[in-house]
Amino acid sequence: MTDSKKLSSEDLKRHRKRLLRMHFDSGVGHIGGNLSALDAMLVVFHEFLAPTDTFVLSKGHAAGALYVTLWGLGRLGDDDLKQFHGEDTLLPGHPPTIGIPDIRFATGSLGHGLSLAAGTALGLRFRGENSRVFCLTSDGEWQEGSTWEALIFATHHALTNVTILIDHNELQGFGTTSEVASMSRLWTHLESFDVDILVVDGHDPDALRDALSATPDRLRIIVMKTVKGHGVSFMENRMEWHYLPLNEVQYQTAIRDISSL
Amino acid sequence: MRKQLCDALLSRSSNENMIFLTGDLGFMALEPLQQSMGNRFINAGLAEQNMISVAAALAAQGFEVWVYSIASFLFARPFEQIRNDVAFHHLPVNFIGNGGGYGYGVMGPTHHAIGDYGALLTLPNFEVFVPVFDEDVNVAVSRAAASKNATYVRLGRTETVPGYPVPPYDRLRQLTRGDGGTLIAVGPLAGLYASAFAGLPITERPNIWAAAEICLTPDAIPKTLLEQILQGPGLCIAEEHVRHGSFASDFMLRLSSLGVYPKLFHHSCALAHHYDRYGSQTYLRKKSQLDPEAVLAVLNSFKEKAVQLR
């Protein structure tokens, strides 16, 4: 990472606002989980992801954050974002199979991404390449058995070029991770594996940079303590913002909230 | 057919681009392959969902990927991974399911795969191979490897008598000739019937055709077969698969698109995942009326009905 690539707080705000605008224009929900994951995605893509690296968005419902991140890199344009969730669009509600080269795998059903990342990392090893593979999961999808299958596989095969980022906002589809599965301190469930675990503030770019910069000799898991609906007063830590779209008044309030951060 | 499978894969295994994943199966069969492939032979453990997605990611990088398990564990448990990660991405992962149909017999219904190829063929970009004879396995493996689609090879066991003259591989090939109606059987069942009916006089012996692939384009249906269907007393299709998603349903749709209709038709298929008692593959076939005697009775009934209809 070089300083020239380093995102400023204004960069982060600009992307958050663009995300809100895109969701407002399209009348689409899933905003809360996008705002909890956006900061990490921006730091990974802008500051760490090399052309030969791979990023797998396992929490496919954060597609909006991914599209806006690619927009910030100039890989998608405003015209593309205007089509989000529309008819005849390149940008469906979850990452698509074809049409966007930066998106290697279509996701949306939870519990697939980590296996796809592990397979990618294994293939890189067979090719003798040491590129990195980043996989961003939600916290709720650690209730999927396949995610644990993938972790067992990745650690057994010592796929140390994999970095798992967990968006630990503690809210899932119909309750908190604590209410649904006693998983409010997710990292405690992971500690028995031969992995390197860091628990960081997922909205602190410097903390994310430090976590992503280290090159441990074990698979790294970055548990990001995040806030669903981060930066928008009426959304933060509220489950309904997993689903709801914004109305005009809410949108204006949200933009003001982000501006004042 | 596991030995033939191992031999077929062994012959390809010097290809450094080839990777084989197994769901913790292959004891007393795949050890030579394991030795030959080294770290490219991966026991992915009891984690079929992960195995399939890992396979998809490897195929996405251009590797020739094979995944192996008991047929029922291979297609049913990780079906969503097969759909989303393999089929939707049009990745040429090769699936090998051992013991398709009632192959695991008295092991019980959890081990049966009588809806396997029907389920997989609901997905885009899939091809299915059902070797009839041991000699077919190498061809099926080669054809699967050459395909740009995902493939499923359903393995059973060869069921012909020793010394049976196996004809060269084809998607549909005729095994016997006679005046006793037309019978198309999928996979090893065809060999079973060919052996069982070999001693019948030609007036009673059916035209037996063996299907080694499931989704046949109209051009794959030989003209001879069409003529036999049109001129004969009836057509019976037999397969160790449930009716929905069957070879028969697809084949009859294709026949209708050609305007070819048999005078009478019967589908002998797997009738139930389990009965009130358990038993071997032979026992379960008999329960489903897939045993040679039951199928012969169907063929004989065509003639009787034809007489009644006159």
Side-chain angles (χ1 to χ4, degrees), chain A residues 52-58 60 92 94-101 103-129 131 133-135 137 141-159 161-162, chain B residues 13-24 37-67 69 73-74 76-94 123-125 149-150:
Chain A
T52 54
D53 292 343
T54 301
F55 178 85
V56 180
L57 179 61
S58 195
H94 296 85
T97 48
I98 53 176
I100 304 175
I103 297 176
R104 180 82 66 91
F105 299 110
T107 51
S109 178
L110 297 171
H112 290 234
L114 189 50
S115 294
L116 292 164
T120 303
L122 187 65
L124 289 166
R125 176 184 290 172
F126 281 125
R127 298 270 193 243
E129 298 170 12
S131 304
V133 182
F134 300 90
C135 180
T137 77
E141 75 176 298
W142 286 86
Q143 291 151 34
E144 297 278 7
S146 55
T147 304
W148 293 100
E149 290 182 12
L151 185 61
I152 291 167
F153 183 89
T155 53
H156 175 73
H157 289 276
L159 299 174
N161 54 338
V162 174
Chain B
S13 64
S14 60
N15 173 8
E16 292 289 327
N17 204 42
M18 174 180 163
I19 297 173
F20 183 91
L21 299 112
T22 173
D24 203 31
M37 294 190 69
N39 65 356
R40 292 180 291 112
F41 182 105
I42 298 166
N43 185 346
L46 301 166
E48 291 83 5
Q49 297 173 83
N50 175 67
M51 178 169 72
I52 301 308
S53 300
V54 166
L58 289 166
Q61 294 171 85
F63 289 99
E64 178 186 310
V65 186
W66 300 85
V67 289
S69 187
F73 305 160
L74 189 64
R77 176 66 163 267
F79 188 76
E80 187 181 81
Q81 278 75 13
I82 298 172
R83 185 190 67 157
N84 292 15
D85 301 338
V86 176
F88 284 176
H89 291 83
H90 199 166
L91 292 169
V93 174
N94 302 300
L123 304 178
N125 313 313
N149 293 320

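Below, chains carry the letters A, B, ... as their sequence lines are ordered, and counting in each starts from 1. Excluded from the calculations below are hydrogen atoms, water molecules and symmetry mates; all remaining heavy atoms, backbone and side chain alike, are included. Please read all numbers here as calculations on a predicted model, not as lab measurements.
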Query raised in the report: What part of I19(B) gets closer than 4.5 Å to chain A, counting heavy atoms only: side chain, backbone, both or neither?
Result: side chain
**Report entry** Contacts of residues 85-92 of chain B with chain A (heavy atom under 4.5 Å)
**Finding:**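 D85(B), F88(B), H89(B), listed by number.
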**Report entry** Residue selection (most heavy-atom pairs with chain A, distance under 4.5 Å) from N39(B), V54(B), I52(B)
**Finding:**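 Among the listed options, the one with the most contacts to chain A is V54(B).
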Most chain B-contacting option - heavy-atom pairs closer than 4.5 Å, from [options]:
options                          : result
A117(A), A150(A), S115(A)        : S115(A)
V56(A), L116(A), T97(A), L114(A) : L116(A)
G123(A), G111(A), S146(A)        : G123(A)

Could you report the tightest heavy-atom contact between [X] and [Y], atom names first, then the distance?
X       : Y       : result
A60(B)  : F105(A) : CB-CE2, 4.0 Å
R127(A) : Q61(B)  : NH2-O, 2.7 Å
L58(B)  : G119(A) : CD2-O, 3.5 Å

Query raised in the report: So which part of H156(A) gets closer than 4.5 Å to some heavy atom of chain B, the side chain, the backbone, both or neither?
Result: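 When you check distances to chain B, no heavy atom of H156(A) falls under 4.5 Å.
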Report summary line: If one checks every heavy atom of L124(A) against chain B at 4.5 Å, the contacting part turns out to be both
Requested in this report: Please check if the side chain of E80(B) supplies one atom and the backbone of H112(A) the other of a donor-acceptor pair under 3.5 Å.
Outcome: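 No, the answer is negative, given that no donor and acceptor are paired below the 3.5 Å cut-off.
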Measuring from [X]:[atom1] to [Y]:[atom2], what's the distance to the nearest 0.5 Å?
X       : Y       : atom1 : atom2 : answer
N17(B)  : F126(A) : CG    : CZ    : 10.5 Å
T147(A) : N50(B)  : OG1   : CG    : 9.5 Å
H94(A)  : N84(B)  : NE2   : CG    : 11.0 Å

Report summary line: Sorted by chain and residue number, the side-chain hydrogen bond (donor to acceptor under 3.5 Å, both in side chains) partners of E48(B) (sequence neighbours excluded) come out as none
Report task. Applying salt bridge (Lys or Arg N to Asp or Glu O under 4.0 Å), name anything that partners R104(A), two or more places apart in sequence or on another chain. Result ->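 Here no residue qualifies.
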Report task. Could you tell me which residues satisfy salt bridge (Lys or Arg N to Asp or Glu O under 4.0 Å) with E16(B), sequence neighbours excluded, listed by chain and number? Result ->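 Residues passing salt bridge (Lys or Arg N to Asp or Glu O under 4.0 Å) with E16(B): R40(B).
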